[in-house]
Chemist: 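Please see the structure below; I have some questions.
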Number of protein chains: 2
Amino acid sequence: MIDLGRLRALHAVARYGSVNRAAEVLGYTPSAVSQQLAKLERETRTTLIERQGRGIVLTDAAQQLAATAARILELVEDAELTLEEQRGEAIGTLRIAAFPTAARGLLPAALSRLIDEHPGLDVRVDETDPFEAVAAVNRGEVHIAVVHDWANTPLALPEGLARVKLGSDPADVLVPASHRLAGKEFVRAEDLVGERWICQIPGSICHEWLMRTMRRAGVEPDVAYSVAEYQTQLAMLARGIGIGLLPRLGRGPVPDGVVAVPLQPAPSRRIYAVWREIAARRPAIAVTLSTLKQVWPDRSTA
Amino acid sequence: MIDLGRLRALHAVARYGSVNRAAEVLGYTPSAVSQQLAKLERETRTTLIERQGRGIVLTDAAQQLAATAARILELVEDAELTLEEQRGEAIGTLRIAAFPTAARGLLPAALSRLIDEHPGLDVRVDETDPFEAVAAVNRGEVHIAVVHDWANTPLALPEGLARVKLGSDPADVLVPASHRLAGKEFVRAEDLVGERWICQIPGSICHEWLMRTMRRAGVEPDVAYSVAEYQTQLAMLARGIGIGLLPRLGRGPVPDGVVAVPLQPAPSRRIYAVWREIAARRPAIAVTLSTLKQVWPDRSTA
DNA sequence: GCCATCACTGTAGGAGCGCTAAATGATCGA
DNA sequence: TCGATCATTTAGCGCTCCTACAGTGATGGC
């Protein structure tokens, strides 16, 4: 009877289009995958792959076999999930992909609690941007993704993925203590026209929000200083050479010489946990999701 | 990921109710099956089997797992069949169970032709009575069963099994050359009242037909001589101490001193080939079925 | 047109798995 | 209580599968 390992290899090759990528995903060397395919060909006495240029293509028979292999592997995974569900223990490896701010501001609390309450759980974290994180969940390489979106460009999820909103992450304007806005209760976007910005690199919430909001208002923001580190940003702010924007999540208390002023309306970046719907039967995933929800720092008053 | 071998072991144990029988069917020692189950328990961290007396019982979790294992194995088998079908060659092992007369009178011709035309085919034959042969096909232990039934007690097949009629096997009355019926063109059942019978052991067509037909006519047949071997039966017949009944299938020419007289109506034992419906996609099975049909000795005139 | 690179394949060798055989444990029937 | 029947445990052997490394053929930059 056909070996499952061979089917996994074929399925991965069919899915990722190359022996190398399949091997990478499976955690093997390309040689191992190649040998598995060769053996599968010998055992089934069927040509499954053909070389094309530097790569390979699957024959029709292989495509078909890969399709049923997918169903078989799904059933096997389902059986494993059912067993784990029946056992009810949160156990095994759980991989989380989170964007940097969440990795810093949300995961430490969640992780320490998970490790305390579920010693059998081996949690791994990868810092990944939201787009890639969702793709990784969809491919099954990661169990949970912590991602964000903006109210005006809501996150679209592939079929089969579910999400729960953990909360919103408001961002404040950081200004030097001597700044004209330092004493205000809140500021509006239009108050910020003409300012020089100290932003973290493109992809940061500062950059994102500036571009989204200011441009919509018809103003091109002046990002004079683009820095990589939060500490650099703070040092510049303290010198009074510009202002910044920073999410509260994962931000420590602002140092002397810098003041955080809430924005009105607050930049509404929403944070979600995303997972494969069927995988939620795994207790490990269920407890992690619930822990993430519980440790969300409720700073509605902050 | 769960190993297929473990699932096969569990499935077999669930199906046959004991480690020993499962091992026998799988072609392993009980030790191997026991070890597989133990490993499956360790890997899934789930209790799957419990000892009960000398045997075992499966837990609920195991029952459920075995059920999905059945679906998985079915898919795997299906995938293999598809590959073989696509390849189109009759190849691999093919197991036939046949009742003794067919094994002697029908299979030799079929086998020699199969071996000639399909060198890749490894045909195995087991002489088995029809009831057991059908059960073996249903369990998947045998691919094709050659069986018979009587017109008044038609063969009932379990779901999923198919059959084709190969032909009818008429039986003649064998009488000594000196017998009063020796010159007749045919004889009727009522002509045979009062005769002493030389029969092969219970289960033979002679015995079966005598009991079925004579008793229906209200006559208890007198089986004076019950022998095991055809040659013995012939020797007795030649001495004129009784008469016999023998199917034409697998019977050689009758020796001097013995005459075959057709019965009217002929005992209508019908011969079928039986197979699992889904397995007919296998070229090996398809060609064997067609060969069996082709080599059926057409003796409508004999 | 040559060489660097990329992708897959082949080979040798070592680690680990899964099987068998034989002994052991547990239970049932006589 | 003894023998028979099932299942399990242990030791050990063979085989499989993986990695490391070398090799082959196609591609593309220069």
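Side chains included, hydrogens not; waters and symmetry mates left out as well; all remaining heavy atoms used. In what follows, every chain begins at residue 1, and chains take the letters A, B, ... in the order their sequences are listed.
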Chemist: For nucleotides 18-30 of chain C, just jot down a letter per nucleotide in 5' to 3' order: B, S or -, based on protein non-hydrogen atoms under 4.0 Å.
Modeler: SBBB---B-BB--
Chemist: Name the one of A:Leu155, A:Leu289, A:Ile144 that satisfies side-chain contact (heavy atoms from CB on, under 4.5 Å) with A:Val274?
Modeler: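 It is A:Leu155; the other options fail the test.
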Chemist: Output the rounded distance in Å from CD (B:Glu24) to P (D:dA7).
Modeler: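 Those two atoms, CD and P, are 12 Å apart.
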Chemist: Tell me: CD of B:Glu41 to P of D:dT8, nearest whole Å?
Modeler: 9 Å
Chemist: Please give, in whole Å, the distance from C:dT9 P to A:Leu48 CG?
Modeler: 12 Å
Chemist: Looking at B:Asp78 and B:Arg281, does any basic side-chain N land under 4.0 Å from a carboxylate oxygen?
Modeler: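 Answer for the salt bridge query: yes.
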Chemist: Whole angstrom is fine here: how far is it from CZ in B:Arg42 over to C1' in D:dT9?
Modeler: 11 Å
Chemist: Hey, is A:Arg139 close enough to A:Glu132 for a salt bridge, meaning N to O under 4.0 Å?
Modeler: yes
Chemist: What is the separation between atom OH on A:Tyr16 and atom P on C:dA7, rounded to the nearest whole Å?
Modeler: 17 Å
Chemist: In whole angstroms, how far is the P atom of C:dA7 from the CZ atom of A:Arg21?
Modeler: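 In whole Å, C:dA7 P and A:Arg21 CZ are 11 Å from each other.
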Chemist: What contact category does B:Leu37 fall into here, base, sugar-phosphate, or nothing, at under 4.0 angstrom with non-hydrogen atoms?
Modeler: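 It contacts nothing in the nucleic acid.
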Chemist: For B:Thr44, does its backbone N or O pair with a side-chain atom of B:Thr46 as donor and acceptor, under 3.5 Å?
Modeler: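 Indeed, once roles are kept as given, a pair shorter than 3.5 Å links the two residues.
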Chemist: Among all residues two or more places apart in sequence or in another chain, which pass the ring pair (Phe, Tyr, Trp, His ring centres under 6.0 Å) test with B:Tyr272?
Modeler: none
Chemist: Hey, are B:Arg6 and B:Glu43 close enough for a salt bridge, meaning a charged N less than 4.0 Å from a carboxylate O?
Modeler: yes
Chemist: Determine: side-chain N/O of B:Asn20 to OP1/OP2 of D:dT5, distance under 4.0 Å, yes or no.
Modeler: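 Looking at the OP1 and OP2 atoms of D:dT5, neither is under 4.0 Å from any side-chain N or O of B:Asn20.
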Chemist: What is the distance, to the nearest angstrom, from the CG atom on A:Leu40 to the P atom on C:dC8?
Modeler: 17 Å
